[in-house]
Amino acid sequence: MSLSRAIPSFPVVCRPAPGSSRTRLVKDLVPKSSTGLPRKSTRKLLEVAPRGASSGFTRDTPPHSLRRGKKLFRGAARPGGEREGRLRSLRGREEVKIGKRTAGKDDVRAHAQFDLSTPAEALHTLPPTFASPPLSDGLLQSVRNLLGPAARPTPIQSLSLKHLFVNSTSDEPRRFLLGSETGSGKSLAYLLPMLHDLKTNENLQSRRMGPRALVLAPTHELARQLASFGKALVHHARLRVQSASRANVASGVKARVSAAKMASAFTGNDAVGEFEVHHGSATGHPVDMLVGTPAKLLEMARGNGWNKEFTEGEEARRKKWVIGRPEVRLSDVEWVVVDEADVLFDPDFIDQTLLLLSDVAAARGKPVPIISRENKTQAPMLLDYPFHFVLTSATIPAALAAHLDAHHPSMTRLVSPQLHRLPAHLSLEFAPYSSGNRNAEVLAKLKTVWRDDALAGRPRAKVVIFTNTRARAGEFGAYLSEHKVANVVVTGGQDSKGKEGSGLRLYGSNRHLAGFLKPMSGKEGPSPSVLPLQGSGGGGRSADKVGNDGPHVLLSTSLLARGLDFDPSVTHIFVLEPPRNTADFLHRAGRTARAGGSGKVVVFGKAGGRGSGRLREMRQRLAALRARR
Ligand SMILES: Nc1ncnc2c1ncn2[C@@H]1O[C@H](COP(=O)(O)OP(=O)(O)OP(=O)(O)O)[C@@H](O)[C@H]1O
């Protein structure tokens, strides 16, 4: 089959909204509204890890030793709209019934934002260790190298070990939603069964041209990190993992790579720049797992410029807009994972995501209907994708749950008991601005953190500061520079002219970001940051090796709040204004206190007057999540 024939010929009925996905992600990650599709009566399989498992990062004892029993919960069928109606009628009352228990206002608030329909008390026997089987020997070795020999699976990983490893001869597509709090190891929870399956069913003789697994992520930064993680895992399994995302280079540096080089990266030859190239193996077989944003993967599958408005006629010729050659074919794709599914199914991304999924289905010879959120009158229809389909998220907004109810009613939802909660060892401080000079107050707080570190003999904390706008990130970065505090600003709209990129303030490149991200190891042994886990929750600071000569302050918007695995040396998150919704807050806060480690979030906001309600509201919402039983 030629590459062009792999591209579906049906008309495109949905186009991504204008502006890059990256730009829109920076603006707002709010799941604004549901897809508009009516909720459907559904019966699905739900299972939670036991509550006693806590965050699950215990190293010495199996995390599930406190299990109280076992039971597979099958959620009762829910008539369309029942939950929404129930919530409406509940608002304003002090105590209400949710399921079998009485809930307070707190629960009602939490229910309004997130899907909490998975009951918390369904208890199970789950695998307490990483073992072979079900893992292959090679994967097990990689896990031990990455996490240390004593590492135990987290609850979401135990659920995955139990349910996602199935008889490899089964043709039945696996469909799962994995939900667990930030930093709880969801990447491994989907990578292990997927890589295991790819290895088990590997056939080096077949003339395969395209990837066998796609992992979708909302940002290039996350795509690159997931690809690095995947590479570390497949070291012993000898599979090929590739990031489709271009390097995030410093301002003014151009890193275009020719289509020929792109193509060669997928056939085992070398390339530079755009791709992190895994040098060709002896067999020269193409990439097994490809990670990228939906926009990037669509571009590779359909050809560069496929979504430009003017592809034919005078204007196109004038502007030299020509649809490029497809660089990758989708007919070999057996697995699709949607990481950060709540974002990729939110209104800003859902069209691209669904289009890519339908392209894969069509390329595999089983086209599915293309649904469009614009066509709200459509009846819910099943999307029976001909591949294994796994979604993961640290938050399950009601809109995502509605989409799954409507189109994937049989999808199994596996959730950890800590879903929609802050990490166990994360402390929270609210810091209302007390003067008109907000910048000075934040700087003073920063200095207090570092002074405390010095007094305690700890290495200086790295601090990630989130703002709601790019302008604010840039402005505060400039202020810090004036006060001799080196910082990096990584936002979706860096100054491409490099105007402000001089001096102490750096406009983010991969190198600068790397100083804050957890380094990847896996070949020789665990990375310094995962070896010595200290304190009750483990996850002590890494050795002072991770770019600690560079800036200790990173400023960003929501761009970096999703999925990125920050180093344990990032012990503080500053949130300069309350984010627009709780989900965004949970993701920002979750960049610290990862993998059972500890950390602190300081939330700034107006103390009084106009706009002060947002801080109060954020407090109430977080209290609601905390109070949830
Ligand atoms: N079983 C384990 N024991 C110890 N560390 C682990 C374990 N599983 C994963 N980790 C580490 O935990 C960190 C967080 O993992 P990961 O990024 O997959 O979390 P996540 O749940 O996807 O978070 P987010 O929701 O923020 O994307 C990683 O550094 C990973 O190496």
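First listed ligand is number 1; within each ligand, the first listed atom is number 1.
- Set against the non-hydrogen atoms of Ser184, the atoms of ligand 1 under 4.0 Å away are 19 (O), 20 (P), 21 (O).
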Using the rule given for side-chain hydrogen bond (donor to acceptor under 3.5 Å, both in side chains), can you reason through His425 versus Ser598, listing the C-alpha separation, both sets of side-chain angles and the distance that settles it, and then say yes or no? CA-CA 5 Å; His425 302 285; Ser598 55; over 6 Å; no

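- Aromatic pair Phe176/His388: ring centres not closer than 6.0 Å.
- Compare Ala394, Ala589, Gly183, Pro568 by their heavy atoms: the one nearest to atom 24 (P) of ligand 1 is in Gly183.
- Contact atoms of ligand 1 toward Lys518: 28 (C), 29 (O), 31 (O) (distance under 4.0 Å to a heavy atom of the residue).
- Put simply, CE on Met618 and OG1 on Thr582 are 5.0 Å apart, with the number rounded to the nearest 0.5 Å.
- Annotation: salt bridge (Lys or Arg N to Asp or Glu O under 4.0 Å) contacts of Arg472 (sequence neighbours excluded): Glu475, Glu577.
- Listed by number with element, the atoms of ligand 1 under 4.0 angstrom from any heavy atom of Glu340 are 27 (O).
- Below 4.0 Å from some heavy atom of Ser187 lie the following atoms of ligand 1, by number and element: 16 (P), 17 (O), 18 (O), 22 (O).
- With a 6.0 Å cutoff to the six-membered ring centre and a 45° limit on the axis angle, Arg174 does not count as a cation-pi contact of Phe389.
- Looking at Gln157, Lys186, Arg152, Gln225, it is Lys186 that brings a heavy atom closest to atom 20 (P) of ligand 1.
- Both the backbone and the side chain of Thr182 come within 4.0 Å of ligand 1, judged by heavy-atom distances.
- Residue nearest to atom 19 (O) of ligand 1, selected from Gly185, Ala151, Ser158: Gly185 (by heavy-atom distance).
- Taking every heavy atom of Glu181 and a limit of under 4.0 angstrom, the matching atoms of ligand 1 come to 21 (O).
- Of all atoms in ligand 1, listed by their number and element, those nearer than 4.0 Å to a heavy atom of Arg591 are 26 (O).
- Considering only heavy atoms from C-beta on, Val241 stays 4.5 Å or farther from Val287 through its side chain.
- Note: Phe574 and Phe604 meet the aromatic proximity criterion, with ring centroids under 6.0 Å apart.
- Ligand 1 has no atom lying under 4.0 Å from any heavy atom of His587.
- With Asp565 as reference, Arg594 is the one residue of Arg594, Gln225, Arg591 to meet the side-chain hydrogen bond (donor to acceptor under 3.5 Å, both in side chains) rule.
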